[in-house]
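The sequence lines fix the lettering, A, B, ..., with proteins before strands; numbering per chain opens at 1. Basis for what follows: all heavy atoms, side chains included, without hydrogens, waters or symmetry-related copies.
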2 protein chains.
Amino acid sequence: MSIGEEAPRSRRRPRGDVRAGLVAAGVELARTGGPDAVVLREATRIVGVVPNAAYRHFADRDELLAEVCTVAMNELADRMATDIARVRGRRGTPGAAQRRLGAIGTAYLRFAHEEPGLFATAFAVPQQHGYNDRTPLGLLRDALDELVEAGVLDPQRREGIEYPIWSIVHGTAVLTGQGPLRDAPDLRQIESLSLAFIANSLT
Amino acid sequence: MSIGEEAPRSRRRPRGDVRAGLVAAGVELARTGGPDAVVLREATRIVGVVPNAAYRHFADRDELLAEVCTVAMNELADRMATDIARVRGRRGTPGAAQRRLGAIGTAYLRFAHEEPGLFATAFAVPQQHGYNDRTPLGLLRDALDELVEAGVLDPQRREGIEYPIWSIVHGTAVLTGQGPLRDAPDLRQIESLSLAFIANSLT
DNA sequence: AGTTAATGTGGACGGTGTCCACATAACTTC
DNA sequence: GAAGTTATGTGGACACCGTCCACATTAACT
């Protein structure tokens with residue numbers, strides 16, 4: 001009672017702190033081991049709280065995981081937005097428009113193999129997705145609209161073309177990441193082939 | 001000891017029977033609930049054997065899961081092969097070659113939403129993949145070779161083009177299956193757009 | 001027939017998600 | 001500022017899971 005005197009574990013944290021901490025801990029777990037590594041008890045252990053405390057903030061583990069997935073998806077969107085913003089050139093310029101589309105694909109693939117755990121988690125949302133507007137699809141649509149604006153992409157081909165294009169990039173990320181192409185010797189080249197295929201199809 | 005006389009649970013099954021049974025049970029579990037549903041104890045329960053019996057046939061759960069994944073992947077390849085074989089027309093004929101490529105994409109996507117659990121499991125192999133030669137990629141390569149043979153695809157564009165194409169189909173399957181596009185209203189149309197994108201790119 | 005290897009059993013351990021009853025701190029209201 | 005209410009954390013428990021150990025029994029081989 002007198003010596004040691006470690007910080008009283010039972011003291012309550014500031015409001016909403018535990019919830020945010022659990023999500024943050026979950027994100028770190030997801031970063032290392034993907035969605036399956038988001039284990040509720042481990043998250044509470046990191047925050048320094050008893051397992052049941054989590055149930056004051058989430059109905060069950062899936063609800064925590066959903067939150068973590070949203071964070072992961074936002075992280076992907078943020079990194080894409082950053083790389084897009086780095087491309088110089090006025091909006092509507094053919095070259096700049098094409099480079100921005102390229103940046104989208106590159107950023108997407110880079111995130112997938114720099115943060116494989118978060119990437120897998122972003123797409124592992126168990127139920128409803130609460131993704132906001134700055135989403136990978138939204139960014140892609142912007143880029144494609146600009147491509148039309150710049151006269152590179154025929155407006156007649158514009159409608160719905162985001163789906164095949166997203167599919168190529170996402171499929172490449174998945175197949176070369178955790179999929180059957182995971183230990184192909186020429187991963188980078190496969191990625192390049194996919195991006196070139198897109199660029200080639202839009203001219 | 002005299003009444004009831006249920007079949008002696010402890011009687012040993014014929015050799016290799018338990019192993020095959022566990023894999024079969026695992027496949028059924030995967031069919032219903034995907035890779036996470038392949039739970040070792042449940043599989044042994046289905047076979048009618050004690051949990052530890054599984055460890056005489058598999059080092060751990062992952063080894064059982066790997067086997068189940070292989071079965072799932074073979075199932076996908078088999079269905080693709082069946083649909084390809086259904087396409088009439090001599091090898092090398094432009095029309096037939098194109099229809100066979102179309103059959104590949106269609107069969108792939110059909111399997112993905114007819115058997116979502118097995119599809120997810122096929123690509124969830126935990127470690128090494130023991131897939132044989134009649135694999136989706138192999139079938140796709142055949143079709144592309146035929147397309148060159150038929151004069152539809154420029155031989156110069158042939159090398160490595162299987163990767164973008166596989167990526168489109170796989171990406172579409174994943175995004176519209178368990179991914180963010182899962183509850184888009186026009187799933188079929190998205191799939192059509194992807195397949196059309198491929199066909200359009202090869203002419 | 002007797003030995004050996006393969007296979008199944010029983011029991012246990014630590015880990016996980018989740019439920020219940022209880023305690024306590026923080027906010028509200030007078 | 002005191003009293004009551006609500007939000008939040010605690011302790012303990014349960015069922016389920018993967019996995020390990022020691023033991024039993026069957027099948028195969030000499």
**Report entry** Within residues 24-39 of chain B: residues closer than 4.0 Å to DNA chain D (heavy atoms)
**Finding:** Val39(B)
Report summary line: Asp62(B) CG to dC17(D) C1', in whole Å, measures 14 Å
Requested in this report: Return the minimal non-hydrogen interatomic distance between Ala112(A) and Ala173(A), and the atom names on each side.
Outcome: CB-CB, 3.8 Å
Requested in this report: Compute the centroid of each ring, for His170(B) and then for Tyr163(B), and state whether the two points are separated by less than 6.0 Å.
Outcome: no
Query raised in the report: Can you name the residues that form a side chain to side chain contact (heavy atoms under 4.5 Å, CB included) with Ala103(B), not counting sequence neighbours?
Result: Val87(B)
Requested in this report: Check whether any side-chain N or O of Arg45(A) sits under 4.0 Å from OP1 or OP2 of dT16(C), and answer yes or no.
Outcome: yes
Report summary line: Here the distance between atom P of dT19(D) and atom CG of Leu22(B), to the nearest Å, is 13 Å
Query raised in the report: How are the rings of Phe111(A) and Phe119(A) set to each other: parallel, tilted or perpendicular (split at 30° and 60°)?
Result: perpendicular
Query raised in the report: Within this structure, what is the CG-to-P distance between Leu64(B) and dC17(D), rounded to whole angstrom?
Result: 14 Å
Query raised in the report: Taking Arg61(B) for the side chain and Leu40(B) for the main chain, is one N or O donor matched with an acceptor at less than 3.5 Å?
Result: no
Query raised in the report: So what does Arg56(B) hit on the nucleic acid, given a heavy-atom distance under 4.0 Å: a base, only sugar-phosphate, or nothing?
Result: base
Report summary line: Applying side chain to side chain donor-acceptor pair (under 3.5 Å) to Glu63(B) and not counting sequence neighbours gives none
Report summary line: Whole-Å distance, Asp17(A) CG to dG9(D) C1', equals 14 Å
Requested in this report: Could you list the residues that satisfy side chain to side chain contact (heavy atoms under 4.5 Å, CB included) with Val23(B), not counting sequence neighbours?
Outcome: Val27(B), Phe58(B), Leu64(B), Glu67(B), Val71(B)
Query - Contact under 4.0 Å: His57(B) side-chain N or O vs dG8(C) OP1/OP2 - result: yes
Requested in this report: For Leu40(A) and dT18(C), give me the distance from atom CG to atom C1', rounded to whole Å.
Outcome: 9 Å
Query - Partners passing side chain to side chain donor-acceptor pair (under 3.5 Å) against Asp36(B) (at least two apart in sequence or in another chain) - result: none
Output one line per pair: protein atom, nucleotide atom from nucleotides 12-14 of chain D, and distance, for all N/O pairs under 3.5 Å.
residue : atom : partner  : partner atom : Å
dG12(D) : O6   : Asn52(A) : ND2          : 2.5

Report summary line: Regarding the side chain of Tyr55(B), the nearest nucleotide among dT9(C), dT19(D), dG11(D) is dT19(D)
Query - Whether Arg91(B) side chain and Glu149(B) backbone form a donor-acceptor pair below 3.5 Å - result: no
Requested in this report: May I have the distance from Phe58(A) (atom CZ) to dA7(D) (atom C1'), rounded to whole angstrom?
Outcome: 15 Å
Query raised in the report: Once you round it to whole Å, what is the distance between P of dT16(C) and CG of Leu65(A)?
Result: 16 Å
